Amino acid sequence: MSSMTTRDTPRGFSAGEYMTCLTGIVWREGLRFLHQRERFVSALVRPLVWLFIFAAGFRQVLGISIIPPYETYILYEVYIAPGLMAMIQLFNGMQSSLSMVYDREMGNMRTLLVSPLPRGFLLFCKLLAGTAVSLLQVYAFLLIAWFWDITPPSQGYLTVLPALILSGLMLGSLGMLISSGIKQLENFAGVMNFVIFPMFFASSALYPLWRVQEGSPYLYYLCEANPFTHAVELIRFALYGQINWISLAVVAACTIVFMIGAIWAYDPSRGLARRGPAGGEG
């Protein structure tokens, strides 16, 4: 009787099994990224257009005073570089979420979510895979920006890595949470624009907040409450070997809240994504 009870009791998963799952999901996302070369190119075109064209036009209009973490006057393109790095992660997080909507329509998502491993861990693996892809895109952008004389301190390329990981997790989990409520692929583009552009323009990515406060105090408070602003500032300070503690706290808290919300939403018994377009489990 005791032996039968032992056999019927489900066992936990070993660390090796969790690692195998993580490796498989990251490898699948990496292969998908390699096969979609236009995704890599488009991820770089957007920030490079801002860097090479818009920055040249706005350089004389938007002067940048000496503000932390900068210790001297800087060119406008140097100021917007951290915001463009965060923009790459924002678009990548939404594109990764778009792939989840596609997988749910095609039935691939069901194959992933019926795994005996905890659903929260599966979603976290998907989030890590998307973040890893965004890191490749950001460092490719930094390489191109280096030829444009945007050269932060050499140690900044390493000190910014933890900030990029955390901001990538936050933006990816936000996209995952949004994707949980999207049932059809064609509806996602409108939702992306509704989220991406307000978050990007109502932030410190393109202009310092003190200038926003001079023009509109209400918009200033909106920018301060925008999680994307804190992701940009976290990257900006980390690129110069410093820590913005307020931004770190906000980004970490938002990452936890968005991730918990996504896990809840993808729970078929409670969340928003319990049924796919055909009436089956999403």
Side-chain angles (χ1 to χ4, degrees), residues 43 46-47 50-51 64-71 74 76-94 96 124 127-128 130-142 145 150-177 195-196 198-213 220-262:
R46 282 184 294 263
W50 278 99
L51 186 63
I64 306 299
S65 62
I66 301 177
I67 56 175
Y70 308 109
E71 298 178 353
I74 57 172
Y76 179 65
E77 50 263 42
V78 175
Y79 175 82
I80 66 173
L84 298 180
M85 293 162 63
M87 182 179 73
I88 293 174
Q89 294 194 304
L90 176 61
F91 274 89
N92 182 79
M94 295 302 161
S96 296
F124 183 68
L127 182 59
L128 282 178
T131 302
V133 169
S134 74
L135 292 178
L136 295 176
Q137 296 170 336
V138 168
Y139 276 99
F141 168 76
L142 285 174
I150 299 177
T151 54
S154 56
Q155 70 272 15
Y157 293 101
L158 293 179
T159 57
V160 76
L161 180 58
L164 289 173
I165 293 175
L166 185 57
S167 61
L169 291 175
M170 184 194 76
L171 297 172
S173 58
L174 173 61
M176 189 178 295
L177 177 60
V195 173
I196 288 176
M199 287 189 71
F200 179 66
F201 288 109
S203 72
S204 61
L206 300 179
Y207 22 73
L209 293 188
W210 66 266
R211 281 195 170 273
V212 177
Q213 190 175 23
Y220 168 78
Y221 292 121
L222 178 63
C223 294
E224 280 281 4
N226 183 0
F228 187 73
T229 293
H230 295 281
V232 172
E233 293 305 307
L234 183 66
I235 294 172
R236 189 188 311 281
F237 276 74
L239 199 59
Y240 289 84
Q242 303 179 35
I243 301 177
N244 187 319
W245 292 104
I246 295 178
S247 295
L248 175 61
V250 171
V251 173
C254 289
T255 301
I256 295 172
V257 171
F258 294 155
M259 189 62 197
I260 292 176

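Because only heavy atoms are used, hydrogens play no part in the values below, and waters and symmetry mates are left out as well, while side chains stay in. Predicted, not measured: the structure shown is a model, and the values here were computed from it.
- In this structure, CG on L248 lies 11.0 Å from OG on S167, to the nearest 0.5 angstrom.
- Between Y139 and V160 the shortest side-chain heavy-atom distance falls below 4.5 Å.
- Nearest heavy-atom pair, S134 versus N92, reported as atom, atom and distance to 0.1 Å: CB-ND2, 3.4 Å.
- Put simply, the side chain of L206 reaches to within 4.5 Å of the side chain of W50, judged on heavy atoms.
- Distance alone, capped at 3.5 Å, is enough to place a donor-acceptor pair between the H230 side chain and the E224 backbone.
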Fill in: L171 vs M94, side chain to side chain contact (heavy atoms under 4.5 Å, CB included): CA-CA, chis, key distance, verdict
CA-CA 8 Å; L171 297 172; M94 295 302 161; over 6 Å; no

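- Considering only heavy atoms from C-beta on, M259 stays 4.5 Å or farther from M170 through its side chain.
- For L161, the CG atom sits in a packed shell: over 12 heavy atoms of surrounding residues, nucleotides or ligands are nearer than 6.0 Å.
- Pairing each heavy atom of E233 with each of S204, the nearest pair is OE2-OG, 2.6 Å.
- Closest of all the heavy-atom pairs between A205 and G83 is CB-CA, 3.8 Å.
- Both cation-pi conditions hold for R236 and Y79: the charged atom is under 6.0 angstrom from the six-membered ring centre and inside a 45 degree cone around its axis.
- When the options V250, V257, V251, I256 are evaluated for a side chain to side chain contact (heavy atoms under 4.5 Å, CB included) with C254, the one that passes is V250.
- For F200, the CZ atom counts as densely surrounded, since its 6.0 Å shell holds more than 12 non-hydrogen atoms of other residues, nucleotides or ligands.
- Scanning for side chain to side chain donor-acceptor pair (under 3.5 Å) contacts around Y240 gives an empty result, with sequence neighbours left out.
- Looking at heavy atoms from C-beta onward, M85 lies out of side-chain contact with V232 at the 4.5 angstrom threshold.
- Looking only at side-chain heavy atoms (C-beta outward), V138 and I235 stay at 4.5 Å or farther from each other.
- In Y221, the OH atom is not crowded: 12 or fewer heavy atoms of neighbouring residues, nucleotides or ligands sit closer than 6.0 Å.
- Between Q137 and F141, the closest side-chain pair of non-hydrogen atoms is not below 4.5 Å.
- Two residues are said to be in side-chain contact when any heavy atoms from C-beta on lie closer than 4.5 Å; L169 and L128 meet this criterion.
- Atoms OG1 and CE, from T229 and M199 in turn, are 8.0 Å apart once rounded to the nearest 0.5 Å.
- Looking at heavy atoms from C-beta onward, Q89 lies in side-chain contact with L135 at the 4.5 angstrom threshold.
- We find the CZ-CG distance between R46 and L84 to be 11.5 Å, quoted to the nearest 0.5 Å.
- Here the CG-OG1 distance, from L164 to T159, works out to 9.5 Å after rounding to the nearest 0.5 Å.
- Within the model, atoms CG of L239 and CG of L142 stand 6.5 Å from one another, a figure rounded to the nearest 0.5 Å.
- Across every non-hydrogen atom of A262 and S173, the tightest pair is CB-O, 4.3 Å.
- In this structure, the separation between CG on L127 and CZ on F258 is 12.0 Å, given to the nearest 0.5 Å.
- Shortest non-hydrogen contact noted between Y70 and P82 is OH-CG, 4.1 Å.
- Heavy-atom minimum distance, P198 versus N226: O-ND2, 4.3 Å.
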